[in-house]
Amino acid sequence: MTFAIQEQQREAERLFSVLHKTNWTKDECDMLSPLTLQIQKLKKEKNAIILSHSYQTPDIMYGIADVVGDSYGLAKEAQRSTADTIVFCSVFFMGETAKLLNPNKTVLVPSRSGCSLAESITADDVKNLKKQYPGRPVVCYVNTSAAVKAESDISCTSGNALRVIESFPDDEIIFIPDMLMGKNLQKLTTKKLILWRGTCIVHEQFTKERVDAIRQQYPGVKILAHTECSAGVVDSVDLAGSTNDMLTFVKQTDATTLMLATECGLTDRVKTEYPEKNIVGVCSLCPYMKSIMLRDVLSALKNPSEEQVVSIPEAIFERARQSLEKMMTL
Ligand code: 13P
Ligand code: SF4
């Protein structure tokens, strides 16, 4: 047996030892191993780091990624890294965020995929809102394009949105683009929030009725939800937070039966990293996050197309960067 075949077999076994937890077969791992090996070699040659959001598929999260995390954690990781190239396996706005924080690094996105929240609002929409409500500060959730960030005073994540809103002395704040998150925040602040009509197509699908039905069916279940879910869901779960908040809860709780009202990638992470936990209910798939395949990562590393290289026009770069930096400082 040649060395190359032995190497592939070892890689297939490594993949199967992790991926079987999310029902991948040994045959699938045999097929994936040449790809993951090529990606790992190219990664070294090009001094690249691969970052993966927790909503990616397990072959990406456990086959090739150096770091798996939430949007804020990955942005910080990109800043800390000494790699020349960052391959960001996630939706496009997260690649833009990494580029804004790392102007001198090459940032690659395997697939230029959108996000229903980021696509719900344009820079012109923000300009119009500012005209309609003059003088009100604009807080934008990170799930927005660099152009929208450039028109906003400050960015925020699901974890720090309330702190960011409260940091302004003003009584009225424009909060964009997530209407459901905005309504959830409105309950926690005395400031009046002026909201936009964006929603996450993944999280808006969960309902209070489904959460209540799961609670009835599984006594003792702990239910976790992303703060992009509706108020009915957020108010009836045991924890509402970012993807990382949910993982931290899973790590710390004694409860063995859990429901995660979020994207299926996070349930895959729990099944893999906490196999003793029993996940009930159904998760929801994000078509944008799931548009990335291993072959896209390989092509980005080998010979990136124009589409795969994140570049941000000079005219908006500095203002968009400042909106993120202000959040980081806060
Ligand atoms: P996190 O910021 O929690 O990673 O969430 C990003 C996202 O797209 C949720 O839908
Ligand atoms: Fe956007 Fe929702 Fe997908 Fe997150 S899960 S990337 S918010 S569409």
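This is a predicted model, so every value here is computed, not measured. Counting convention: from 1, in listed order, for ligands and their atoms alike.
- Taking the side chain as every heavy atom from C-beta outward, Val202 and Tyr288 never approach each other to under 4.5 Å.
- Between Cys115 and Cys200 the SG-SG gap reaches or exceeds 2.5 angstrom.
- Arg215 has a carboxylate O that lies under 4.0 Å from a charged side-chain N of Asp238, or vice versa, which qualifies the two as a salt bridge.
- Listing protein N, O or S atoms at distances below 2.8 Å from atom 2 (Fe) of ligand 2, with waters left out, gives Cys200 SG.
- Lys99 contributes a side-chain N or O that, together with a main-chain N or O of Lys105, makes up a donor-acceptor pair within less than 3.5 Å.
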Present, as a list of atom pairs with distances to 0.1 Å, all nitrogen or oxygen contacts under 3.5 Å between ligand 1 and the protein.
from: ligand 1; atom 1: 2 (O); to: Ser71; atom 2: OG; distance (Å): 2.6
from: ligand 1; atom 1: 3 (O); to: His226; atom 2: NE2; distance (Å): 3.0
from: ligand 1; atom 1: 3 (O); to: Thr243; atom 2: N; distance (Å): 2.9
from: ligand 1; atom 1: 3 (O); to: Thr243; atom 2: OG1; distance (Å): 3.1
from: ligand 1; atom 1: 4 (O); to: His53; atom 2: NE2; distance (Å): 2.7
from: ligand 1; atom 1: 4 (O); to: Ser71; atom 2: N; distance (Å): 3.0
from: ligand 1; atom 1: 4 (O); to: Thr243; atom 2: OG1; distance (Å): 3.0
from: ligand 1; atom 1: 5 (O); to: His226; atom 2: NE2; distance (Å): 3.3
from: ligand 1; atom 1: 8 (O); to: Asn143; atom 2: ND2; distance (Å): 3.3
from: ligand 1; atom 1: 10 (O); to: Glu228; atom 2: OE1; distance (Å): 2.8
from: ligand 1; atom 1: 10 (O); to: Glu228; atom 2: OE2; distance (Å): 3.4

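- A side-chain donor-acceptor contact under 3.5 Å links Gln186 to the backbone of Lys191.
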Step-by-step side chain to side chain contact (heavy atoms under 4.5 Å, CB included) determination, His226 to Glu263: CA-CA 9 Å; His226 200 280; Glu263 212 275 342; over 6 Å; no

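- Below 30°, between 30° and 60°, or above 60°: for His53 and Tyr55 the angle between ring planes is above 60°, a perpendicular geometry.
- The pair Glu77-Arg80 meets the salt-bridge criterion, since a charged nitrogen lies less than 4.0 angstrom from a carboxylate oxygen.
- No side-chain donor-acceptor contact under 3.5 Å links Thr243 and Ser54.
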